[in-house]
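Reckoned from all heavy atoms, side chains included, excluding hydrogens, waters and symmetry mates.
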Amino acid sequence: METIEKTLRNLVKEALANAFDHEADSIHIETPADKSHGDYATNVAMTLAGVFRKNPLDIARGIVAELPASDVVERVEVKPPGFINFFIDKHVLLDVIRTVLRDKHDYGKGEDKSEHVNIEYVSANPTGSLHVGHARGAAAGDSLARIMKKAGYRVTREFYVNDGGNQIAALARSIEARYLQLFDEDAPIPADGYHGEEIKEIARRIKSEHGDRFLTEDGHEHFRKFGVDHLMKNMKEDLAAFRVDFDIFASELTLYEKGEVEATLAKLEEQGLTYEKDGAVFLRTTLKDDEKDRVIVKSDGSYTYLLPDIAYHKNKLERGYDKLVDILGGDHHGYIPRLKAGGEMVTGKKGVLEVDILQMVRVIQDGQELKLSKRSGKAITLRDLIDAVGTDAVRYFFARHSLNTHMDLDLDLAMRQTNENPVYYAQYAHARICSIFRKAKEEGLPFDLGLADFKTLAGEKTFDLVEKLGAYPALIEEAAQKRIFHKIPAYIHRLAQSLHSFYGAVTVLASCERERSERLMLLEAVRIVIEDALGLIGVEAPDKM
RNA sequence: GUUCCGGUAGCUCAGGGGACAGAGCAAUGGCCUUCUAAGCCAUCGGUCGGGGGUUCGAAUCCCUCCCGGAACGCCA
């Protein structure tokens, strides 16, 4: 799609070549916050000041003098310290309305990047319920996946199920203890066990299904399988309610069963990347920028979690993705170097794995921090959040914050369904537009959304909206490329703000049909983009509120 | 001690080399006989943790110190 930005970029590129015989590789075009600085602006003259050893103002004037004529640009000006500001022809700006109405939810869609990205997120151990931290990761991963898909990447969303390790054995023993307790047996929860309510629930279900069968029979295998299945089912339900989807649930156990873990170990050993010390096998991750070598086979012969994790990433890469993105909790940051090292060793490729770290969430209630204790089973769960606050508000809340901020979630504030909650501001803008269309139909006011041009649309409020509609494609591209989804809610808010302001100043359902139609076209375009942008962060756009 | 995050308005957070530092909430004053007041309009509010440096230009980059969170296992 030929955007105004692209056009401007080409114009500047050409001017630079003519005026200074300079080949510019990247020209930054921005939309100034201050209207008096034009519809678009570039700082290219200032960035070239060092290169040319010239005053940026002179460079800017030189560029402007050589700027080819264009029917897009109405006026250009140079402002200190060296900005070039573009004022765009109003008809060109307004044309975005017809583009949005034509493309609908394809508006803002990026060109096919022919790059297949696998995003792994949540990947919670099936040993309990999803908690607030998982919720943040889920919201982040899902939003990123939607944004990247929109931007033109091929995206696979993946959840790694740790169903094969020690923690699952501990889960089985915890279930067993709860099961025995149901028969008044003295069975303490193991030291490394899990105390959550959901474990008791699992024990009750097993009892109602099998009675006292496992008092005499060894139930470990059944406890394990039933526990994992039950907990995974719960997690999937919670994630679905949170509008978080996955394409693949990858099983650690399956990696073992298919011999991929052993194969990975063998491959690493063959390559001479391991050595034995104190009866354990170490991987030479220091060859790849890790601070020390890591144990992959313990002296008792069992594997550390690193080995299956490497096998898993090897497995993912062999499925043909161009890039892997892992979204991990902040408590795993020390793990990144060895994971990347392992991935490199086993594939011989560097930089295919990127890790985004999400920082901790503090939950505040009654002005105090709620301590999350997973062992005691008293963590705030995703289900609690959905029930108390609602998916829309929680998704919007998480989406608003950059991944690496440590954030406070004030439960009391989040639960209030008032204008204190910013998600409603955006949703209300959408509902308001729907309401206007309902009203027009109720009143039997005719309008035409297929007009070929605009004769009556004018005014600052109109162009605020139009400019924001125009900025949408570049927003998608930037958010996807930098993987910073929190730009989306910020944009939604700005767009909603312009809409509300427009609404206050302009009567949309004007008595003149031409005016009415043009305004409704504008609002329908805004509605589409709000709905689309909300969709990118998993928030619904209600027709009425 | 080392590593990774963070410290910006009363609170929660954007901005992460460029034009006067922004938003929400909170506070103050206006606006519902007109398309939804979950709204609009206006006002108030900041030594960008401290100190050095680099730059035409620093909240942004570098150094250093202080404060908060996290991680530094043959746990996951």
Between the base of [N] and the side chain of [X], is there a donor-acceptor distance below 3.5 Å?
X      : N     : value
A:Y305 : B:A76 : yes
A:H406 : B:C5  : yes
A:S435 : B:C35 : no
A:H401 : B:U12 : no

Among [options], which is the nearest nucleotide to the side chain of [X]?
X      : options             : answer
A:K487 : B:G15, B:A38, B:C35 : B:G15
A:P81  : B:G18, B:A76, B:C35 : B:G18
A:M407 : B:C13, B:A76, B:A19 : B:C13
A:Y425 : B:A70, B:C40, B:A76 : B:C40

Report yes if the side chains of A:I84 and A:F86 come closer than 4.5 Å at any heavy-atom pair, otherwise no.
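A:I84 reaches A:F86 side chain to side chain.
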
Which part of the nucleic acid does [X] contact within heavy-atom distance under 4.0 Å: base, sugar-phosphate only, or nothing?
X      : result
A:A429 : nothing
A:V423 : nothing
A:Y335 : nothing
A:S501 : sugar-phosphate
A:H486 : sugar-phosphate

A:R75 to A:F87, cation-pi by 6.0 Å centre distance and 45° axis angle:
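Judged by the rule (NZ or CZ under 6.0 Å from the ring centre, within 45° of its axis), A:R75 counts as positioned above A:F87.
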
Would you check if the distance from the ring center of A:F249 to the ring center of A:Y160 is below 6.0 Å?
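They do not qualify: ring centres at least 6.0 Å apart.
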
Please compare A:D293 and A:S402 by the position of their nearest nucleotide in RNA chain B and report the one closer to 5'.
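Upstream on the strand: A:S402.
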
Does one side chain, of A:Y275 or A:D293, offer a donor that lies under 3.5 Å from an acceptor on the other?
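Per modelled atom types, A:Y275 and A:D293 side chains form a pair under 3.5 Å.
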
Inter-residue atom distance A:Q481.CD - A:E477.CD, 0.5 Å rounding
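Rounded to the nearest 0.5 Å, the CD-CD separation comes out at 6.5 Å.
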
Duplex segments of RNA chain B, taken as runs of at least three Watson-Crick or G-U pairs that stay under 3.5 Å
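When the pairs of RNA chain B are grouped into runs of at least three, the stems are B:1-7 with B:66-72, B:10-13 with B:22-25, B:27-31 with B:39-43, B:49-53 with B:61-65.
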
Round to the nearest Å and state the distance from A:L328 atom CG to B:C5 atom P.
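Taking atom P of B:C5 as the reference, CG of A:L328 is at 14 Å.
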
Excluding sequence neighbours, so at least two apart, what forms ring pair (Phe, Tyr, Trp, His ring centres under 6.0 Å) with A:Y121?
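A:Y121 satisfies ring pair (Phe, Tyr, Trp, His ring centres under 6.0 Å) with A:F246 only.
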
